Amino acid sequence: MSKKPVSQKRAEREREENLTLSRVFHVFLLGLAAECYLFLVYRGYNMGSVDSLLIWHQILTWGTWIGLVMAIAGAAVGFVKRQDQRLRTGMTWVGGIGLFLAVSGWVVTHFFDNNAGITAMCIMVPILAVLALVFLLFQHECFLSSIALTGALFTVWVRGAAVSSGSWRTPVIIGAVFGAVILALAAGLTYKAQQGGGKLWGVRVYSPECDYRILYGVLGVAFVCVLLALAVSSLSYYLMWVLGVLLFAELVYYTTKLM
């Protein structure tokens, strides 16, 4: 087999880098647009007059259903036409935007007290945008580590915040247990991928040079922190610091590996 010339390899690398930068730019713009939309919702629905509240309630209700249709249609068409890369990419964006409209509309209208819904969405949008940037710019193992630590950090925070709430205490405990199960399942799938050389069911999920000790360590710490928060809710504040420092450390580690 003849090797590709150096100039062709350089051109392909530059094309991949430009494509990645384009995706990063689009994700950044979408995250900014989502935050601006939530700001308008906050001003009109949560802080507006009664007439404005009613108008925005209708907008959000219709947006929830329209977004749900967009999400289902985007996922279905993207799967059926997955061989057409351009159409698949377009349907992915349509489905993602629809999912945001559906989730944000439902959360904001169902958790209106104390602006809980809009506050949660305003926090989640930048977090998801940053995780999307991590997925595009870093190794897949870095993305998994960031997801695990971010999810554990959120779980621990909610566990500590809801300890004195009579209505939220039980759902939060159930959610924390579910999160711990997800972390254990992620560790099991990681082991399976390790046995397959970084591939899971024939799909590469980790880079060939992946250090699995880092992955197991991150998943183990996240799992233990969630269990400790479940057992002793008063430890939540300190566990958040542990997870936050570890999240920063693993991002620095994977950043150095890109250099």
Side-chain angles (χ1 to χ4, degrees), residues 12-38 40-41 59-110 117 120-148 150-151 154 178-179 181-183 185-186 188-190 192-193 196-208 210:
E12 290 179 355
R13 189 185 314 113
E14 291 179 354
R15 184 163 53 250
E16 292 177 359
E17 291 176 352
N18 291 333
L19 180 60
T20 300
L21 290 176
S22 176
R23 291 172 177 171
V24 167
F25 182 67
H26 290 154
V27 168
F28 175 78
L29 288 181
L30 281 176
L32 183 61
E35 280 294 304
C36 292
Y37 168 76
L38 293 173
L40 292 176
V41 173
I59 293 174
L60 292 170
T61 301
W62 279 101
T64 300
W65 289 107
I66 293 173
L68 184 61
V69 171
M70 290 174 60
I72 295 175
V77 176
F79 178 78
V80 173
K81 299 293 184 179
R82 58 186 178 277
Q83 302 301 330
D84 188 337
Q85 184 176 359
R86 179 174 298 182
L87 181 60
R88 184 185 63 196
T89 301
M91 289 298 99
T92 300
W93 287 110
V94 170
I97 294 172
L99 183 63
F100 167 74
L101 292 174
V103 172
S104 61
W106 186 84
V107 170
V108 172
T109 54
H110 284 75
M121 290 304 304
C122 287
I123 294 174
M124 290 302 298
V125 164
I127 291 176
L128 293 176
V130 170
L131 289 176
L133 296 179
V134 170
F135 177 79
L136 293 173
L137 294 173
F138 290 83
Q139 306 92 334
H140 289 173
E141 50 266 30
C142 177
F143 176 70
L144 174 64
S145 299
S146 301
I147 283 284
T150 303
F154 179 77
F178 180 74
V181 172
I182 292 297
L183 289 170
L185 180 62
L189 292 176
T190 296
K192 182 177 178 63
K199 293 184 178 182
L200 193 62
W201 298 302
V203 178
R204 175 158 298 281
V205 292
Y206 300 127
S207 60
C210 172

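Just so you know, residue 1 is the first one in the sequence shown, and it goes up from there. Remember, predicted model here, so these are calculated numbers, not experimental data.
Atom CD1 of I147 sits about 7.5 Å away from atom CG of L128, to the nearest 0.5 Å. Remark: Y37 OH to L32 CG distance equals 15.5 Å, nearest 0.5 Å.
Residues meeting the side chain to side chain contact (heavy atoms under 4.5 Å, CB included) test with L183, sequence neighbours left out: A148, L219, A222, F223, V226. Take A129 and apply the side chain to side chain contact (heavy atoms under 4.5 Å, CB included) test, not counting sequence neighbours, and it matches no residue. Residues satisfying the side chain to side chain contact (heavy atoms under 4.5 Å, CB included) test with H26, not counting sequence neighbours, are S22, W93. Residues forming a side chain to side chain contact (heavy atoms under 4.5 Å, CB included) with L29 (at least two apart in sequence, or on another chain): F25. Applying the side chain to side chain donor-acceptor pair (under 3.5 Å) criterion to S146, with sequence neighbours excluded, gives E250.
Residue M70 comes nearest to G98 through the heavy atom pair CB-CA, 3.7 Å, listed as atom of the first residue, atom of the second, then distance. Nearest heavy atoms, P126 versus E35: CD-OE2, 3.3 Å. The heavy-atom pair separating V125 from G31 by the smallest distance is CG1-O, 3.8 Å.
No side-chain heavy atom of V130 sits less than 4.5 Å from a side-chain heavy atom of T150.
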*After noting the C-alpha distance and the side-chain angles of F100 and M121, does the key distance pass the side-chain contact (heavy atoms from CB on, under 4.5 Å) rule?*
CA-CA 10 Å; F100 167 74; M121 290 304 304; 4.1 Å; yes
List the atom pairs, donor and acceptor, that lie under 3.5 Å between side-chain atoms in residues 59-69 and the rest of the protein, sequence neighbours left out.
residue	atom	partner	partner atom	Å
T61	OG1	H57	O	2.7
T64	OG1	L60	O	2.7
T64	OG1	W106	N	3.4

